Amino acid sequence: MDDDDKAARGRPALATAAASWVSNKAAERTGRLSWPLAAAFFLASAAAAALPFAAGRWRESAFLADIRNYDGLGAAFMAMAEHGNSWSVAGGALSTKGSGPAVFEAGAWATVVGQAGSPAPDSGKVLWFGSDRLVISNPESGAAIASSWEPFDGLSSDTVATAASDYRDMADLIGGIIHTAVYAGLPSAVLTLTLLMLVQNLFFVAIMGVFLSLAELRRRPRFSETKAKPAPLAGIKTSVFLCAGPAFLAGLVGLAVPAVPAPMAWLAYSLLAGLRVVLLYMSRYRQAASQVL
């Protein structure tokens, strides 16, 4: 048993994995760590890389859910209650009874009930109760919500008319509609982001691992004509541990510093992880070159 094997067995696996972020000797030992541990590090690093995107989506949702970003919206709902157009939401769609779509003004807000499609981009302040979607947009604050009617089954003009009899009830209704429209799709959006980052990280780690294994092509034991063969799987395992450190760092920075855009955090992770792999590759390359007769 050589010194490296003794060190690998004597050092805890987690300590070896953490040390590999800064030590090439420790990085070389990660190839002998277990695959379950590598899988755990890969999942954790993928989640860390997705963290800035999820945090950004959450902060955006918190901004959109703030009712203060929709100044004057209460008047639009009150006007809708007084207008008398009967409508209801069922099966993920809004249907009106009687005449066609109702369009009217309420202060600075344009209110539309029963219209198909979406409002034009330059519509200004608009409360859009369309046949297939809800849109609430206030260009002055930069807040714009678009939602399907799926989370609103049971909502009707009677609900709005009843709430209109008390300003507090109306405020609660408006706040509930905005909150539901913003947060109903948030879990699936965060899950989609996480899965996307997992797949993207899988390709990145695999490419870095294969690149790392190419250094073995120059390795030839002394007094031997046989070159060492590349070991892509071992290279991928080492790459998983090397990339985990930058992923954790980028994830924490992206979470703690809202001013850092999520794409910039991902770019920083990619650059740092790529640099770390290149440094180990260069170390292997120099070592292999010194073994050539």
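What you are looking at is a predicted structure, and each value in this text was computed from that prediction instead of being measured. Just so you know, these numbers use all the heavy atoms, side chains as well, and skip hydrogens, waters and symmetry mates.
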Report task. Would you check if the side chain of Asn69 reaches a backbone N or O of Phe63 as a donor-acceptor pair within less than 3.5 Å? Result -> yes
Requested in this report: Would you kindly confirm whether Leu202 and Val210 end up in one hydrophobic cluster when ILVMFWY residues are joined by side chain heavy atoms under 4.5 Å apart?
Outcome: no
Report task. Can you measure from CG (Leu51) to CG (Leu252) and round to the nearest 0.5 angstrom? Result -> 7.5 Å
Query raised in the report: When clusters are formed by joining ILVMFWY residues with side-chain heavy atoms under 4.5 Å apart, either directly or through shared neighbours, do Leu267 and Leu275 land in the same one?
Result: no
Query raised in the report: Is Asp166 salt-bridged to Arg168, cutoff N-O under 4.0 Å?
Result: no
**Report entry** Exam field: side chain Ser123 to backbone Val126, donor-acceptor pair closer than 3.5 Å
**Finding:** no
**Report entry** Any donor-acceptor pair under 3.5 Å from Ser270 side chain to Trp266 backbone
**Finding:** yes
Query raised in the report: Phe129 versus Leu94: any side-chain heavy-atom pair under 4.5 Å?
Result: yes
Report summary line: In terms of heavy-atom contacts, Ala106 and Ala75 come closest through CB-O, 3.8 Å
Query - Student check: side-chain heavy atoms of Ser86 and Ser157 closer than 4.5 Å - result: yes
Report task. Starting from the C-alpha separation in whole Å, work towards a yes-or-no answer on side chain to side chain contact (heavy atoms under 4.5 Å, CB included) for Leu272 and Leu249. Result -> CA-CA 10 Å; Leu272 289 174; Leu249 178 61; 4.1 Å; yes
Report summary line: Taking every heavy atom of Pro52 against every heavy atom of Ala250, the minimum-distance pair comes out as CG-O, 3.8 Å
Requested in this report: For the pair Trp58 and Tyr183, name the ring-plane relationship: parallel under 30°, tilted 30 to 60°, perpendicular over 60°.
Outcome: tilted
Requested in this report: Determine, step by step, whether Ile136 and Trp109 satisfy the side chain to side chain contact (heavy atoms under 4.5 Å, CB included) criterion, reporting the C-alpha distance in whole Å, the side-chain angles of both residues, the deciding distance to 0.1 Å, and the verdict.
Outcome: CA-CA 10 Å; Ile136 305 175; Trp109 287 80; 4.1 Å; yes
Report task. List the steps and the verdict of side chain to side chain contact (heavy atoms under 4.5 Å, CB included) for Cys243 and Phe41. Result -> CA-CA 9 Å; Cys243 293; Phe41 264 74; over 6 Å; no
Query raised in the report: To the nearest 0.5 Å, what is the distance between CZ (Phe53) and OG1 (Thr194)?
Result: 10.5 Å
Query raised in the report: If you look at every heavy atom in Val190 and Ala54, which pair is closest and at what distance?
Result: CG1-CB, 4.0 Å
Report summary line: When rounded to the nearest 0.5 Å, the distance separating NE2 of His179 from CD1 of Ile174 is 15.5 Å
Requested in this report: Take Val160 and Met170 through the side chain to side chain contact (heavy atoms under 4.5 Å, CB included) test and state the conclusion after the steps.
Outcome: CA-CA 7 Å; Val160 177; Met170 178 59 78; 4.1 Å; yes
Query raised in the report: Would you call Ile177 and Leu173 a side-chain contact if the rule is heavy atoms closer than 4.5 Å?
Result: yes
Query raised in the report: Any link between Met197 and Ile207 through a network of hydrophobic side chains (Ile, Leu, Val, Met, Phe, Trp, Tyr) touching at under 4.5 Å?
Result: yes
Report task. Would you mind reporting whether Lys125 and Pro139 have side-chain heavy atoms less than 4.5 Å apart? Result -> yes
Query raised in the report: Hey, is the main chain of Gly74 close enough, under 3.5 Å, to the side chain of Tyr167 for a donor-acceptor pair?
Result: no
Query raised in the report: Does a side-chain heavy-atom distance below 4.5 Å link Ile67 with Leu73?
Result: no
Query raised in the report: What closest approach, in Å, do Glu150 and Gly92 show between heavy atoms, and which atom pair accounts for it?
Result: OE2-CA, 3.7 Å
Report task. Go through the steps for Arg133 and Ser118 under the test side-chain hydrogen bond (donor to acceptor under 3.5 Å, both in side chains), then give the verdict. Result -> CA-CA 8 Å; Arg133 73 191 61 197; Ser118 300; 3.3 Å; yes
Query raised in the report: What distance do Phe152 atom CZ and Ser88 atom OG have between them, rounded to the nearest 0.5 Å?
Result: 14.5 Å
Query - Geometric cation-pi criterion, Lys97 with Trp87: 6.0 Å, 45° - result: no
Query raised in the report: Going only through I, L, V, M, F, W and Y residues with side-chain contacts under 4.5 Å, is there a path from Leu43 to Phe248?
Result: yes
**Report entry** Distance in Å, Leu134 CG paired with Thr180 OG1, rounded so as to fall on 0.5 Å steps
**Finding:** 10.0 Å
Requested in this report: Check Tyr269, Phe211, Phe42 against Phe204 for a ring-ring contact (aromatic ring centres under 6.0 Å, His included) and give me the one that passes.
Outcome: Tyr269
Report task. Using modelled atom types only, decide if a donor and an acceptor are shared between the side chain of Thr16 and the backbone of Pro12 within a distance under 3.5 Å. Result -> yes
Query raised in the report: Between CG of Asp66 and OG of Ser61, what distance do you get to the nearest 0.5 Å?
Result: 12.5 Å
Query raised in the report: Are any of the side-chain heavy atoms of Leu127 and Val113 separated by less than 4.5 Å?
Result: no
Query raised in the report: Within the side chain of Ser188, is there an N or O that forms a donor-acceptor pair under 3.5 Å with the backbone of Gly185?
Result: yes
Report task. Check whether any side-chain heavy atom of Glu28 lies under 4.5 Å from a side-chain heavy atom of Leu280, and answer yes or no. Result -> yes
Query raised in the report: Are Val278 and Met282 close enough that some pair of their side-chain heavy atoms sits under 4.5 Å apart?
Result: yes
Requested in this report: Decide yes or no on side-chain hydrogen bond (donor to acceptor under 3.5 Å, both in side chains) for Thr30 and Thr238, but give the supporting numbers first.
Outcome: CA-CA 5 Å; Thr30 58; Thr238 297; 3.3 Å; yes
Report summary line: Smallest heavy-atom separation, Gly31 atom then Lys237 atom, equals O-NZ, 3.3 Å
Query raised in the report: Does the Arg276 side chain pair with the main chain of Trp21, one donor and one acceptor, at a distance under 3.5 Å?
Result: yes
Report task. Measure from the side-chain N and O atoms of Thr159 to the backbone N and O of Leu155, and report whether any donor-acceptor pair falls under 3.5 Å. Result -> no
**Report entry** Same cluster (ILVMFWY, side-chain, under 4.5 Å), Val205 and Leu37
**Finding:** yes
**Report entry** Closest non-hydrogen atom pair between Ser283 and Asn24, with its separation
**Finding:** CB-ND2, 3.6 Å
